[in-house]
Amino acid sequence: MSVSAQAAPATPDGSAPVPAARGRSRYLRALATPGGAVGLGLVLVIVVASLIGPYLLEYGPYRQGPDSLAAPGGDHLLGTDELGRDLLARVFAGTRLDLLITLIAVPVAAIAGSLLGLVGMVNRPVGGFFQRVFDVLLGVPAVILGIAVTIALEPGTEAVIVAIVLVTMPIFGRQARSSLLGQLPLDYVAAAEVLGYPRHRVMLRHILPNIVDVIFIRFAVEMAHAIMIEGGLSVVGLGIQAPQASLGSMIKDGSGYLLDRPAYALVPVVVVVLLVVGYTMLSNALNQAVLRK
Amino acid sequence: MTGTAAAAAACSDTLPVASGEVVLDVRNLSLDLRTGRDRIPVVQDVSLQVRSGEILGVVGESGSGKSLTALSVMRMLPAAASVTGGEVRYQGRDLLSMPQPEVGALRGKDIGMVFQDPMAYLNPLMTVGQQIREVLRLHGASRREAAERAVSLLDLVGVRDPHRRVDDYPHQFSGGMRQRVIIAMAVANNPKLLIADEPTTALDVTVQAGILDLLGRLRKELGTALLLITHDIGIVEDVCDSVLVMYAGRAVEQGALHDVLRDPRHPYTRELTRSTPRLDLPVQRRLSAIPGQPPDIRHRPAGCPFHTRCPHAFDRCRDEMPPVSDRPAGISHVAACWLAAEPLPARPVATAEEVPADRGAPEAAPILEVDDARITYGHRSLLRRQPPRPVVDGVSLRAYPGRTLGLVGESGCGKSTLARTIVGLVPLLSGRISIDGMQWTTTKQAERAKLRRTVQMVFQDPYQSLNPRQPIRTLLTEPLVVHRLVPPARREARARELMSLVGLPAGMLDRYPYQLSGGQRQRVGIARALAVEPRLIVADEPVSALDVSVQAQIINLLADLRDDLGLALLVIAHDLSVVRHLCEDVAVMQAGKIVEQGPAEQIFGAPRHEYTRSLLAASPGSASSLEDHR
């Protein structure tokens with residue numbers, strides 16, 4: 001609480017400043033709530049495990065062994081897949097690839113979407129045009145969009161990234177636009193205009209810092225969304241292609257052996273669920289701590 | 001204790017018109033507010049009594065605890081607040097320990113409540129009749145009785161044509177009429193006690209006068225005891241029988257209205273009445289402002305909470321809170337001040353410098369010329385037959401350097417739109433606005449930039465006119481950067497200079513707006529406007545969002561800047577007393593047109609237009625017969 005509370009020098013007129021947690025400390029406060037801590041913990045555990053895990057294993061994700069579809073236990077903690085590859089190594093690799101894809105795609109979507117959402121402040125017709133583009137993109141289901149992208153590009157990591165950007169960018173664009181519209185009637189925007197500040201300056205220096213919290217929270221939500229998009233595309237075979245492992249492609253491949261080797265498909269499902277739950281709890285905690293006045 | 005007793009003895013010859021029985025008796029009430037792990041005392045040791053047929057005004061600034069005190073009577077305190085001591089008795093029954101269902105039965109039946117925002121307390125999907133009938137039915141009226149009574153209640157509160165209006169929805173009523181409906185609901189079951197929390201703050205002055213008149217009439221006709229909470233001492237003066245002055249959670253003075261206003265025994269009460277500009281006294285060059293800000297509730301000073309701002313404070317005030325509560329019975333006028341035994345000493349500094357009634361004619365050429373301005377929102381459209389109705393319709397004005405032009409009118413009359421057009425935020429439909437010979441329609445970049453620097457604006461709400469993410473230093477230097485006014489090395493010095501111009505310490509440059517009080521923020525807003533060295537400042541309701549004791553400071557500051565820098569000021573206000581104090585020239589606006597304009601002394605002394613006269617008559621404090629109270 002007192003992180004940002006400044007020492008209160010008595011002002012000449014006897015008033016003391018109101019100590020208030022603002023800025024970074026509000027984010028810290030969010031992480032100190034039970035929901036925020038659990039959410040962050042889930043995400044961190046998965047991230048750290050996927051980074052360290054491969055070094056602890058004997059087999060890499062692509063090494064084919066003699067036993068195919070081995071039962072869990074022994075050399076292979078989760079067993080092996082139909083080509084004799086170690087499933088745990090593939091879960092680690094798949095998790096890493098998913099995290100990498102979302103960490104590239106969502107920031108790109110967030111920055112591009114937010115800027116395109118705000119551009120209407122500087123140029124109204126251009127801003128309106130992008131909102132209509134976003135409308136169209138939001139109207140197309142993610143899988144259909146993914147099919148279109150894979151037809152245009154080759155199926156694979158790049159196509160998944162492009163698909164995630166196309167699906168989530170309009171959401172950021174809409175978010176930025178509606179937050180912008182919430183700020184425009186406030187007098188500080190009018191004051192900036194009366195003082196003769198250029199429009200782009202008002203947009204980037206004045207309005208953007210005031211809506212960045214909302215965009216940041218949306219970012220956590222969309223990270224969860226992006227994991228699910230990757231999974232969805234890979235499950236229908238449009239996503240990550242063999243021999244690369246991703247959580248989605250493992251779910252697809254493993255679903256054929258669900259009765260004999262349930263761990264093959266269910267472990268990636270559990271990782272996806274934990275990541276999505278973690279991001280969602282994190283965003284909820286941020287939402288409560290940061291946006292609550 | 002001898003002090004207060006003597007104080008009371010001094011005015012015991014003017015006991016209040018203690019007509020009826022004591023309906024509400026609050027004794028030594030203390031309330032805490034929980035924030036995080038801390039518990040802050042917000043109301044301490046407050047006692048008050050309301051008798052039937054009497055109106056008690058509770059007056060105080062924001063954070064004084066007046067609203068929480070009222071809510072505790074209804075057992076409607078917010079979850080973070082809790083009662084830590086004292087008792088609240090309604091007709092002898094202890095409300096604080098009463099079981100919840102019994103309190104519920106009292107609410108709306110024996111105790112009515114009227115809130116500030118009339119729209120928020122009406123259900124937009126129910127007709128007003130349904131809502132009034134609901135209150136009646138819940139407390140046992142039959143369907144037919146309720147229907148008949150709803151109509152007679154609307155009639156009682158002055159809704160015309162009640163038989164028809166009873167089936168109308170809230171949105172079909174104006175703000176003042178909605179407040180009348182709320183009052184009708186509050187008095188539906190003939191309550192013995194009515195609590196009104198800032199009932200007229202959201203309303204125009206002429207509407208306010210009607211509501212206050214209505215409350216006074218209800219008191220007479222129904223014998224209701226009324227607890228009226230307000231920040232406006234003018235309202236108290238007009239309608240109340242007795243008054244309780246609260247400051248920083250303490251009851252600092254209470255007594256019969258005339259006693260308290262004529263012979264205030266607490267310095268805060270006296271300074272409060274003095275710092276409020278009035279319509280019935282000669283205009284002073286400077287208002288006698290209370291220095292400083294009301295204390296933040298987390299950092300209330302020890303001892304008497306007013307001692308940091310009090311001209312008479314001495315050592316004992318800093319250590320010990322003067323008692324007020326354990327007064328003997330039958331004494332009507334008490335003040336929580338060590339000096340309360342005698343009339344207050346004269347103020348140490350005499351600042352009375354009267355402004356001559358005739359403030360002269362302008363000497364210089366006008367800097368702002370508005371000719372036949374018409375302004376509208378929205379565009380002509382193929383789908384719309386008629387062009388949009390102009391919000392401002394044919395207005396002409398002049399503002400001169402070193403002088404203040406006051407623009408008064410009620411909400412919706414177009415005065416804010418006109419202000420925004422003058423500063424170039426809203427385009428002009430037709431007519432001409434010329435500032436120092438320049439116009440907003442110019443296509444020359446350089447001239448536009450110069451125009452931007454010539455006219456600046458001060459906004460009403462200091463909480464949203466400063467970017468919350470910028471420290472004060474950035475707020476003040478950014479205009480210098482954008483307009484390349486000062487070389488980088490000199491910017492810091494200029495920021496300090498601006499701070500001292502508006503009376504703020506340079507140490508505040510590193511603060512963020514949320515760390516400042518409302519009055520300090522308004523000073524920053526003024527300093528920011530001054531940064532580009534404007535010659536005309538348009539101030540849209542510059543003091544209406546501020547606490548009463550801070551308003552006078554800002555009014556004085558604007559007057560000083562006008563005189564020292566030779567600025568032309570255009571002040572938009574709904575409060576006529578502020579305009580009378582600050583302005584040499586006045587224009588009265590109604591429904592987009594100027595109905596009367598001229599020198600201030602003429603407008604206020606001999607108003608010609610019917611509308612001006614009704615505005616003046618409706619202003620709080622004008623109905624007063626207490627010419628001699630100071």
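Every value quoted in this text rests on a predicted model; they were computed, and no experiment measured them. Atoms considered below: every heavy atom in the structure, side chains included; atoms not considered: hydrogens, waters and symmetry mates.
- The contact between B/Q470 and chain A is made entirely by side chain atoms (from C-beta outward), counting heavy-atom distances below 4.5 Å.
- Put simply, the side chain of A/V277 reaches to within 4.5 Å of the side chain of A/M281, judged on heavy atoms.
- Ring orientation note: the planes of B/Y268 and B/Y247 are tilted relative to one another, at an angle of 30° to 60°.
- The aromatic rings of A/F130 and A/F134 sit tilted relative to each other, their planes meeting at an angle between 30° and 60°.
- Listed by sequence position, the residues of residues 168-183 of chain A in contact with chain B number zero, using a 4.5 angstrom heavy-atom cutoff.
- Every residue meeting the salt bridge (Lys or Arg N to Asp or Glu O under 4.0 Å) condition with A/R218, not counting sequence neighbours, appears here in chain and number order: A/E222.
- Panel note: side chain B/E271, backbone B/C310; no donor-acceptor pair is recorded below 3.5 Å.
- Residue B/L475 touches chain A through its backbone alone, counting heavy-atom pairs closer than 4.5 Å.
- Separation of the B/Y463 and B/Y514 ring centroids does not fall under the 6.0 Å cut-off.
- Under the salt bridge (Lys or Arg N to Asp or Glu O under 4.0 Å) criterion, A/D187 pairs with B/R420, not counting sequence neighbours.
- In this structure, chain A has no heavy atom under 4.5 Å from any part of B/V458.
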Practice prompt. Any chance you could lay out the side chain to side chain contact (heavy atoms under 4.5 Å, CB included) test for A/T280 and A/V221, step after step, and finish with the verdict?
Written response: CA-CA 6 Å; A/T280 308; A/V221 177; over 6 Å; no
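- For residues 102-120 of chain A, heavy-atom neighbours of chain B at less than 4.5 Å comprise no residues at all.
- With B/T442 contributing its side chain and B/Q439 its backbone, the two residues share no donor-acceptor pair below 3.5 Å.
- Counting only distance, with no hydrogens or angles, the side chain of B/Q551 and the backbone of B/V543 share a donor-acceptor pair below 3.5 Å.
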Fill in: Trace of the ring-ring contact (aromatic ring centres under 6.0 Å, His included) decision for B/H307 with B/F314
CA-CA 8 Å; B/H307 81 251; B/F314 54 101; over 10 Å; no
